[in-house]
**Student:** 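Have a look at this one.
Letters go in sequence order (proteins before strands), and every chain restarts at 1. This one's a predicted model, so the numbers in the text were calculated from it and none came from an experiment.
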Amino acid sequence: MRRSVLAGPVLDVAPKLLGTVLRSTSDEGAVAVRLTEVEAYDGPNDPGSHAYRGQTPRNAVMFGPPGFLYVYFTYGMHFCMNVVVGPENKPSAVLLRAGEIIEGVELARIRRGQPAPQKSVLNQVRPGPVNKRPAADPDRDLARGPARLCVALGIGREGNGADLLAKDSPIRLLDGPGYDGVPSTGPRVGLREAADRAWRFWIPNDPTVSPYRPHVPKKRS
DNA sequence: GGAAAGATTTTCT
DNA sequence: GAAAATCTTTCCT
C-alpha cells in the first residue's frame with residue numbers, strides 16, 4: 001500500500017480499502033483481516049465526523065498526514081479505528097467496520113472470548129431438521145463490527161497514531177490486490193447526522209459484513 | 001459546571 | 001426487542 005493511494009478524496013479511497021489486508025503483530029502473535037466493510041468520514045464537511053467541529057486531543061491524528069491510524073474510545077467501553085486519508089489539515093478518515101480473519105484465527109478467538117469450535121462426533125452424526133438454516137459460523141462474528149474488529153486485532157488506545165505503512169509497524173496495511181468487484185453502498189450505521197449520505201461501502205454478500213442498524217434516539221428523562 | 005448523546009456490543013426477557 | 005455498561009466530547013444553563 002502506497003501512501004499516495006490514501007492521499008485522495010475519502011470517497012475514492014474508502015472503497016479501495018475493501019479486500020485489502022490489515023495485520024497486527026504483538027508478543028501474543030499475529031492476526032490479519034481482509035477488510036469487508038468501511039465507512040467514509042469527510043472531515044469539516046461532514047456533520048457525522050469527529051473532526052467536524054475542529055481539532056481536539058482525541059481526533060488530533062485525523063489532522064495529520066494520511067496512512068496513520070486513528071483509534072477512539074466510545075460508549076465507555078469500546079475502541080474503533082480509522083485509516084486517516086486525504087491531505088494534511090483535511091481531516092478525512094475511513095472507519096474500519098468489519099473484516100474476515102485470514103491469519104491468527106485462534107488468537108482472535110481467545111481475544112474475543114470464544115471457545116475453540118467443538119469437533120463433537122454427536123454433532124456430525126445427528127442430522128438437523130431439513131428446513132432449518134445451517135448454523136452460522138461462529139468465526140464469522142470475530143471481526144464483524146468496528147469494536148469487535150479492534151478486539152480481534154488486539155488494538156486499543158496505544159494503537160492511536162500508528163503508521164500503517166511502515167514496514168516495522170505493529171499494525172500494517174499490506175500491499176496486495178483489493179476487492180475488484182463493485183462494492184455495495186448504503187447509509188452509515190448508527191449515525192444521527194447526515195444519515196442520508198450513502199458513505200458505507202461493503203463487499204456484496206460477504207457474511208462478515210455487520211448488520212445495518214439505523215440511529216435510535218435515546219429517550220429523555 | 002452539569003447533562004446528554006454517542007461511528008457499540010452483550011445479555012436477558 | 002430492550003437494557004446495561006460507563007468514557008469522552010459537546011452543548012446548554
Side-chain angles (χ1 to χ4, degrees), chain A residues 10-11 13-15 17-18 22 33 35-63 68-86 90-99 101 108-115 135-162 164 183-202 207-221:
Chain A
V10 64
L11 288 179
V13 175
L17 290 177
L18 292 176
L22 184 71
V33 300
L35 299 175
T36 58
E37 179 188 3
V38 300
E39 284 178 1
Y41 287 85
D42 184 20
N45 309 315
D46 180 4
S49 169
H50 284 174
Y52 181 60
R53 290 172 185 83
Q55 186 169 342
T56 67
R58 178 171 73 155
N59 65 21
V61 177
M62 289 183 74
F63 289 77
F68 289 80
L69 193 68
Y70 165 47
V71 178
Y72 68 91
F73 190 58
T74 189
Y75 289 100
M77 51 192 350
H78 296 303
F79 291 100
C80 299
M81 61 179 158
N82 300 247
V83 175
V84 175
V85 304
K90 273 276 284 179
S92 303
V94 178
L95 172 70
L96 308 182
R97 288 197 54 87
I101 312 276
R109 282 197 201 109
I110 293 170
R111 285 172 171 161
R112 292 266 307 131
Q114 261 191 31
D137 177 7
D139 289 344
R140 177 198 67 166
D141 290 339
L142 286 177
R144 187 174 185 241
R148 292 169 173 176
L149 182 61
C150 282
V151 171
L153 289 174
I155 292 173
R157 203 181 305 273
E158 69 286 350
N160 192 43
L164 297 171
S184 297
T185 65
R188 294 175 291 186
V189 173
L191 278 186
R192 178 180 50 173
E193 303 285 353
D196 54 322
R197 305 188 191 185
W199 285 0
R200 176 173 174 243
F201 303 87
W202 68 92
T208 64
V209 172
S210 68
Y212 177 68
R213 283 189 299 274
H215 171 73
V216 282
K218 279 191 174 176
K219 66 174 182 183
R220 301 191 41 157
S221 57

**Student:** Roughly how many Å is it from CD in Glu39(A) to C1' in dA7(B), rounded to a whole number?
**Tutor:** 6 Å
**Student:** What's the closest nucleotide to the His78(A) side chain, out of dA7(B), dT8(B), dT8(C)?
**Tutor:** dT8(B)
**Student:** For Arg53(A) and dC11(C), is the shortest distance between a side-chain N/O and OP1 or OP2 below 4.0 Å?
**Tutor:** yes
**Student:** Can you tell me if Arg148(A) touches the phosphate of dT8(B), counting only side-chain N or O atoms and a distance under 4.0 Å to OP1 or OP2?
**Tutor:** no
**Student:** Nearest whole angstrom, please: distance from the P of dG6(B) to the CZ of Arg58(A).
**Tutor:** 13 Å
**Student:** Would you call Arg144(A) and Asp141(A) a salt bridge, using N to O less than 4.0 angstrom?
**Tutor:** yes
**Student:** Any heavy-atom pair between the side chains of Ser210(A) and Arg148(A) that's under 4.5 Å?
**Tutor:** no
**Student:** With both distances under 3.5 angstrom, what nucleotide forms a Watson-Crick or G-U wobble pair with dT6(C)?
**Tutor:** none
**Student:** Between dG1(C) and dA7(B), how many Å separate the two P atoms, rounded to a whole number?
**Tutor:** 22 Å
**Student:** Go through it in stages, so that I can follow the logic: the residues are Val61(A) and Leu69(A), the test is side chain to side chain contact (heavy atoms under 4.5 Å, CB included), and I'd like the CA-CA distance, side-chain angles, deciding distance and then a yes or no.
**Tutor:** CA-CA 7 Å; Val61(A) 177; Leu69(A) 193 68; over 6 Å; no
**Student:** Measure from CD on Glu37(A) to C1' on dA7(B) and round the result to the nearest Å.
**Tutor:** 11 Å
**Student:** Go through the N and O atoms of the side chain of Tyr75(A) and the base of dA5(C), and report whether any donor-acceptor pair is under 3.5 Å.
**Tutor:** no
**Student:** Do the side-chain N or O atoms of Arg157(A) get closer than 4.0 angstrom to the phosphate oxygens (OP1, OP2) of dT8(C)?
**Tutor:** yes
**Student:** Arg200(A) near the nucleic acid: base, sugar-phosphate alone, or nothing, with a heavy-atom cut-off under 4.0 Å?
**Tutor:** nothing
**Student:** Show, in sequence, the C-alpha distance, side-chain angles and deciding distance for His78(A) and Cys150(A), and conclude whether the side chain to side chain contact (heavy atoms under 4.5 Å, CB included) test is met.
**Tutor:** CA-CA 9 Å; His78(A) 296 303; Cys150(A) 282; over 6 Å; no
**Student:** Classify the ring geometry of Tyr72(A) against His50(A): parallel below 30°, tilted from 30° to 60°, perpendicular beyond 60°.
**Tutor:** perpendicular
**Student:** When you check the phosphate oxygens OP1 and OP2 of dT10(B), does a side-chain N or O of Arg112(A) lie under 4.0 Å from one of them?
**Tutor:** yes
**Student:** Within this structure, what is the CZ-to-P distance between Phe79(A) and dT9(B), rounded to whole angstrom?
**Tutor:** 14 Å
**Student:** For Gly190(A), report the nucleic acid contact type (base, sugar-phosphate, nothing); a contact means any heavy atom under 4.0 Å.
**Tutor:** sugar-phosphate
**Student:** Mind calculating the distance between CZ (Arg144(A)) and C1' (dT9(B)) to the nearest angstrom?
**Tutor:** 12 Å
**Student:** Provide, to the nearest angstrom, the distance between the CZ atom belonging to Arg192(A) and the P atom belonging to dA7(B).
**Tutor:** 8 Å
**Student:** Any idea which of dT10(C), dA5(C), dT8(C) is nearest the Phe73(A) side chain?
**Tutor:** dT8(C)
**Student:** To the side chain of Arg213(A), which of dT8(B), dA5(C), dA5(B) is closest?
**Tutor:** dT8(B)
**Student:** Could you tell me how far apart His50(A) (NE2) and dA7(B) (P) are, to the nearest whole angstrom?
**Tutor:** 5 Å
**Student:** Measure CE/Met77(A) against C1'/dT8(C) and give the value in whole Å, please.
**Tutor:** 14 Å
**Student:** Are the side chain of Asn160(A) and the backbone N or O of Met81(A) linked by a donor-acceptor pair below 3.5 Å?
**Tutor:** no
**Student:** Please work out if Arg188(A) contacts a base, only the sugar-phosphate, or nothing of the nucleic acid, heavy-atom cut-off 4.0 Å.
**Tutor:** nothing
